[in-house]
Number of protein chains: 2
Amino acid sequence: MRQDPPPPSPTLEDVARAAGVSRATVSRVINGIRNVDSAIQEAVRQAIATTGYVPNRAARSLVTRRTGSIALVVSGAGGDDDSFPVQVFADPFFGRVAGGIVGFLRPRGIHPVLMFAETGAARAQVLASLRQGDADGAVLVSTHAEDPLPRLLAEAGLPAVLFARPAEPVPISYVDVDHRAGAKLAADHLVARGRKQIVTISGPLDVPASQARLAGFRDAMAAHGHPYVPCAEGGFTYHSGVQAMERLLAEHPGLDGVFVANDLMAQGALLVLRHHGRAVPDDVAVVGFDDSSAATACRPALTTVRHPVEDMAAELARLLLEHIGQPGHRPTSIIFEPSLVVRDSS
Amino acid sequence: MRQDPPPPSPTLEDVARAAGVSRATVSRVINGIRNVDSAIQEAVRQAIATTGYVPNRAARSLVTRRTGSIALVVSGAGGDDDSFPVQVFADPFFGRVAGGIVGFLRPRGIHPVLMFAETGAARAQVLASLRQGDADGAVLVSTHAEDPLPRLLAEAGLPAVLFARPAEPVPISYVDVDHRAGAKLAADHLVARGRKQIVTISGPLDVPASQARLAGFRDAMAAHGHPYVPCAEGGFTYHSGVQAMERLLAEHPGLDGVFVANDLMAQGALLVLRHHGRAVPDDVAVVGFDDSSAATACRPALTTVRHPVEDMAAELARLLLEHIGQPGHRPTSIIFEPSLVVRDSS
DNA sequence: CTGAAAGCGCTAACAT
DNA sequence: ATGTTAGCGCTTTCAG
């Protein structure tokens with residue numbers, strides 16, 4: 001005993017018949033082409049409503065040669081890392097990127113196709129998928145600087161854009177934030193608050209963004225007359241922030257200011273400071289980076305450098321659509337300016 | 001000055017000509033249909049290789065009435081929560097689900113389409129997308145128990161499956177882990193370790209899984225002669241684990257055993273115990289839940305209840321494909337058995 | 001401003 | 001075992 005087959009969904013033909021016009025006219029109405037009598041337009045809309053018509057993507061795609069979807073590729077450096085997807089998702093950062101992209105794309109009726117490119121084989125499959133037309137283009141979020149995928153995509157002539165500047169120049173569009181400038185904001189602020197013994201917790205130093213934040217911070221501090229700033233390297237996780245702060249406290253018990261390279265680690269640092277009886281911001285001033293949800297969840301609320309991830313992701317999606325629309329388009333990079341959000345931790 | 005249009009990619013026709021056979025034969029070879037002479041098969045493969053042919057998804061989709069993709073829907077309860085995607089991704093849990101699904105689907109050449117259904121409007125759009133054929137079916141991951149989407153999908157007759165049992169019965173397939181049994185494993189283990197003052201940190205109590213873990217733990221403890229177990233409610237985040245542990249320690253300074261409803265919170269609890277000078281496992285034994293990457297990242301490594309998320313997600317994907325393949329298929333639920341992974345924290 | 005007609009590339013009867 | 005043929009539902013010239 002089988003269930004009845006689902007009723008065939010209405011086609012353009014059905015709508016056309018119901019409206020007493022031709023398929024072509026209905027198509028024009030649907031695709032918002034002018035030059036259609038407004039009375040007829042109204043009739044067509046009626047017919048669409050009564051028939052419950054929805055356009056068939058595959059059919060449309062076949063003739064327009066567009067899938068109307070883009071790939072969201074989460075890409076690593078190589079190696080067969082089993083826990084790869086988990087790692088990526090553990091940082092709120094990826095969620096913000098996904099949210100920004102979806103926010104831009106959804107009103108345009110397009111959903112991202114999720115792909116992972118953590119190994120060489122996976123990378124090859126992503127390339128094949130794109131060539132096959134599973135998506136019109138790709139937004140890449142790399143977890144490692146040495147990721148070969150950007151170059152591969154560029155060479156294949158597939159429309160693609162990147163979140164964050166590649167380690168080596170690749171002819172591909174990207175967005176990034178001015179990490180150095182952001183770190184300078186933090187440095188200026190801590191100095192303005194009269195802090196004398198300032199230290200920092202960096203992100204993983206094989207990530208260019210981490211390097212830039214650290215270098216920018218040290219340069220700005222040097223300009224303020226602090227030639228050397230102690231640093232503990234973290235891994236962008238809450239836990240690593242805890243560990244880094246403990247190390248710094250042990251080595252520099254007199255510290256009175258900390259710049260932490262992301263909010264999640266800053267949250268961990270805050271906890272350690274509290275457990276060690278250091279009042280924030282009175283004894284120790286803390287500045288984070290990102291302005292993620294962690295920043296306001298903290299006690300005290302975190303002063304932090306705003307990283308406009310969602311805006312950047314939306315802009316990235318816009319860029320990709322532009323590239324898809326005009327294949328000859330030149331690579332463009334857009335650098336966003338960070339700003340300081342002063343709350344209670346400094 | 002425009003760039004040259006990309007060369008048209010080869011079609012079945014081209015391959016057929018190159019191999020000196022008909023389109024149909026090439027199609028058969030590609031789709032792995034027997035009844036093709038092996039010599040001809042070889043010739044066709046040659047032709048495919050030399051022409052660099054890749055099948056056109058849209059064309060295939062148009063005739064098979066299958067898109068070859070499924071939706072991965074992250075779904076909330078309602079409300080216009082701006083930070084929705086961020087919240088969801090913050091837990092390693094979602095990454096494990098995504099990884100499990102991709103692991104199963106990728107070898108079959110199918111990629112998940114990412115959709116968010118956090119508001120009523122978004123939900124409607126997800127439904128429309130599915131009806132329109134953006135995907136053949138949906139895997140749902142709900143963040144709230146009252147999520148109306150499962151029922152809506154079931155009523156629309158769209159193939160869909162659920163990660164975790166719905167709060168109210170819905171005729172839809174799902175996978176889940178036996179939370180109560182897992183909690184019992186933890187209880188038995190703590191009692192066997194001779195702990196007398198046992199407390200627990202639960203997940204958010206509006207989540208059925210949290211309720212089940214708490215109830216299962218308390219029931220098992222009662223059976224061991226501990227009629228009441230103090231509980232602090234957390235939110236499945238590291239930070240909430242810290243806060244909950246601090247509360248428990250303040251209220252029950254004599255505690256010597258803790259069951260924490262997920263590893264991330266357990267990691268936070270471990271930190272607090274250390275800061276308070278309690279040795280783990282000697283002074284206080286700690287048992288987590290999930291066996292996520294956090295469990296091995298801890299010091300000491302966490303004894304925890306294994307939640308086979310990846311396996312469950314893969315099974316869920318398999319179930320969905322089954323439903324897509326045979327529309328009349330009855331809803332099935334599969335409950336996985338948890339197991340205890342003993343490490344150093346108890 | 002609207003309709004007729006020609007495909008897009010593929011699969012699946014149906015013939016042979 | 002292989003070829004022929006008829007569409008799948010849509011967009012898009014091209015006529016009118």
Side-chain angles (χ1 to χ4, degrees), chain A residues 5-45 47-48 51-69 109 129 131-134 136 325, chain B residues 5-45 47-48 51-69 109 129 131-134 136 325:
Chain A
S9 44
T11 72
L12 260 196
E13 189 69 52
D14 299 324
V15 178
R17 201 168 328 121
V21 297
S22 74
R23 288 208 309 267
T25 301
V26 179
S27 177
R28 289 187 185 105
V29 172
I30 288 171
N31 294 298
I33 292 176
R34 294 181 303 274
N35 299 347
V36 178
D37 186 275
S38 57
I40 293 192
Q41 253 184 66
E42 193 42 45
V44 169
R45 287 192 205 298
I48 290 176
T51 53
Y53 171 79
V54 289
N56 179 311
R57 256 185 137 229
R60 176 179 285 177
S61 189
L62 184 55
V63 40
T64 60
R65 334 239 21 148
R66 285 277 154 73
T67 66
S69 61
S129 282
R131 252 196 289 264
Q132 179 170 359
D134 283 8
D136 298 329
Chain B
S9 44
T11 71
L12 260 197
E13 189 69 53
D14 299 325
V15 178
R17 203 169 326 121
V21 297
S22 75
R23 286 207 312 265
T25 300
V26 179
S27 178
R28 287 185 187 106
V29 172
I30 288 171
N31 294 298
I33 292 176
R34 295 181 303 275
N35 300 344
V36 178
D37 186 275
S38 56
I40 293 194
Q41 252 185 68
E42 193 43 45
V44 169
R45 286 193 206 298
I48 289 176
T51 53
Y53 171 79
V54 289
N56 179 310
R57 257 187 136 226
R60 175 179 284 177
S61 189
L62 184 55
V63 41
T64 60
R65 334 233 29 142
R66 285 277 155 72
T67 66
S69 62
S129 281
R131 252 195 289 262
Q132 180 171 357
D134 283 7
D136 298 328

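Values in this document were obtained by computation on a predicted structure and should not be read as measured data.
Side-chain contact between A/Val29 and A/Arg45 is present, with at least one heavy-atom pair separated by less than 4.5 Å. B/Asn56 is listed as a side-chain neighbour of A/Arg65, based on a closest heavy-atom distance under 4.5 Å. Using a 4.5 Å heavy-atom threshold, the side chains of A/Arg60 and A/Asn31 count as touching.
The CG atom of A/Asn35 lies 10.0 Å from the CD atom of A/Gln41; values are rounded to the nearest 0.5 Å. Annotation: the span from B/Ile30 atom CD1 to B/Leu12 atom CG amounts to 5.0 Å, rounded to 0.5 Å.
Spacing between atom CZ of A/Arg23 and atom C1' of D/dT11 amounts to 9 Å, rounded to whole angstrom units. Atom-to-atom, CD1 of A/Ile48 to P of D/dC10 comes out at 10 Å; the value is rounded to the nearest Å. For the pair B/Gln41 CD and D/dA1 P, the computed distance is 11 Å after rounding to whole Å. In this structure, CZ of B/Arg57 is placed 19 Å from P of D/dC10, rounded to the nearest angstrom. Spacing between atom CZ of B/Arg60 and atom P of D/dG7 amounts to 22 Å, rounded to whole angstrom units. Taking atom CD of residue B/Glu13 and atom P of nucleotide C/dC10, one finds them 10 Å apart after rounding to whole Å.
Residue A/Ser22 has a polar side-chain atom (N or O) positioned under 4.0 Å from OP1 or OP2 of C/dG3. For C/dG9, neither phosphate oxygen OP1 nor OP2 lies less than 4.0 angstrom from any side-chain nitrogen or oxygen of B/Asn56.
Residue-level contact check: B/Arg65 touches the backbone only, with heavy atoms under 4.0 Å from sugar-phosphate atoms and none from bases.
Which of C/dT2, C/dC10, D/dT11 sits closest to the side chain of A/Leu12 comes down to D/dT11.
Closest of all the heavy-atom pairs between A/Asp136 and A/Thr67 is OD1-N, 2.8 Å.
Using a 4.0 Å cutoff on non-hydrogen atoms, the parts of residues 24-31 of chain A near DNA chain C are A/Ala24, A/Thr25, A/Arg28, ordered by number.
Comparing B/Ser38 and B/Leu62 against DNA chain D, the residue whose closest nucleotide sits nearer the 5' end is B/Ser38. Along DNA chain C, the nucleotide closest to B/Pro55 and the one closest to A/Ile40 are compared, and the more 5′ of them pairs with A/Ile40.
At least one donor-acceptor pair closer than 3.5 Å links the side chain of A/Arg57 to the backbone N or O of A/Gly68. Looking at A/Thr51, its side chain does come within 3.5 Å of a backbone N or O of A/Ala47 through a donor-acceptor pair.
Not a single side-chain hydrogen bond (donor to acceptor under 3.5 Å, both in side chains) links A/Gln132 to another residue, sequence neighbours left out.
If one axis is set at each end of the helix from C/dC1-D/dG16 to C/dT16-D/dA1 from five pairs, those axes are 40° apart, to 10°.
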